[in-house]
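Notes for the one structure printed next.
Throughout, numbering of the chain's residues begins at 1 and tracks the sequence. Note that this is a predicted model, so its numbers are computed, not measured. Heavy-atom basis, side chains included; hydrogens, waters and symmetry copies ignored.
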Amino acid sequence: MSLPPLEISDLITPGQARRSEAAARLRASGQERAARLVERLPATDDVLDAGHVEALRRRVHAELQRFGEEM
């Protein structure tokens, strides 16, 4: 029995997430494309940029909300 895919948003908590750890967890679960996406996020000393992560989460939330309204 396989586990459900990991959610990127669960792995990139602003100010706490390490880019390499998030990417490694995604790769370990077989989510190579998601790992590459995380590796492209800006970071300093492997800690993801909190402002960028928060802005990204807001954009994704808004897009999902828009999509839900269309359906």
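- Residues that satisfy the salt bridge (Lys or Arg N to Asp or Glu O under 4.0 Å) test with E69, not counting sequence neighbours, are absent from this structure.
- Judged as a salt bridge (Lys or Arg N to Asp or Glu O under 4.0 Å), and not counting sequence neighbours, the contacts of R58 are E54.
- Shown here is H61, whose NE2 atom has no more than 12 heavy atoms of other residues, nucleotides or ligands within 6.0 Å.
- For S20, the side-chain hydrogen bond (donor to acceptor under 3.5 Å, both in side chains) partners two or more places apart in sequence, or in a different chain, are D46.
- Of the inter-residue distances, the one linking L64 atom CG with R59 atom CZ reads 13.0 Å to the nearest 0.5 angstrom.
- Put simply, the side chain of R19 never gets that close to the backbone of P42: no donor and acceptor are under 3.5 Å apart.
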Stepwise, does the side chain to side chain contact (heavy atoms under 4.5 Å, CB included) test hold for L48 with R18?
CA-CA 6 Å; L48 290 169; R18 294 189 121 7; over 6 Å; no
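- Take Q65 and apply the side-chain hydrogen bond (donor to acceptor under 3.5 Å, both in side chains) test, not counting sequence neighbours, and it matches no residue.
- The shortest non-hydrogen separation linking V53 to I12 is CG1-O, 3.0 Å.
- S29 and Q31 are linked by a side-chain donor-acceptor pair at a separation below 3.5 angstrom, with hydrogens and angles left out of the test.
- For the residue pair R25 and L11, the shortest heavy atom distance occurs at NH1-CD2, 3.2 Å.
- Salt bridge status for E70 with R66: present, with a side-chain N to carboxylate O gap under 4.0 Å.
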Tabulate below the donor-acceptor pairs under 3.5 Å that side-chain atoms of residues 32-39 make, not counting sequence neighbours, or state none.
residue, atom, partner, partner atom, Å
E32, OE1, R27, NE, 3.0
E32, OE2, R27, NE, 3.1
E32, OE2, R27, NH2, 3.0
E39, OE1, R27, NH2, 3.1
E39, OE2, R27, NH1, 2.8
E39, OE2, R27, NH2, 3.3

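- Between L41 and D49, every side-chain heavy-atom pair lies at or beyond the 4.5 Å cut-off.
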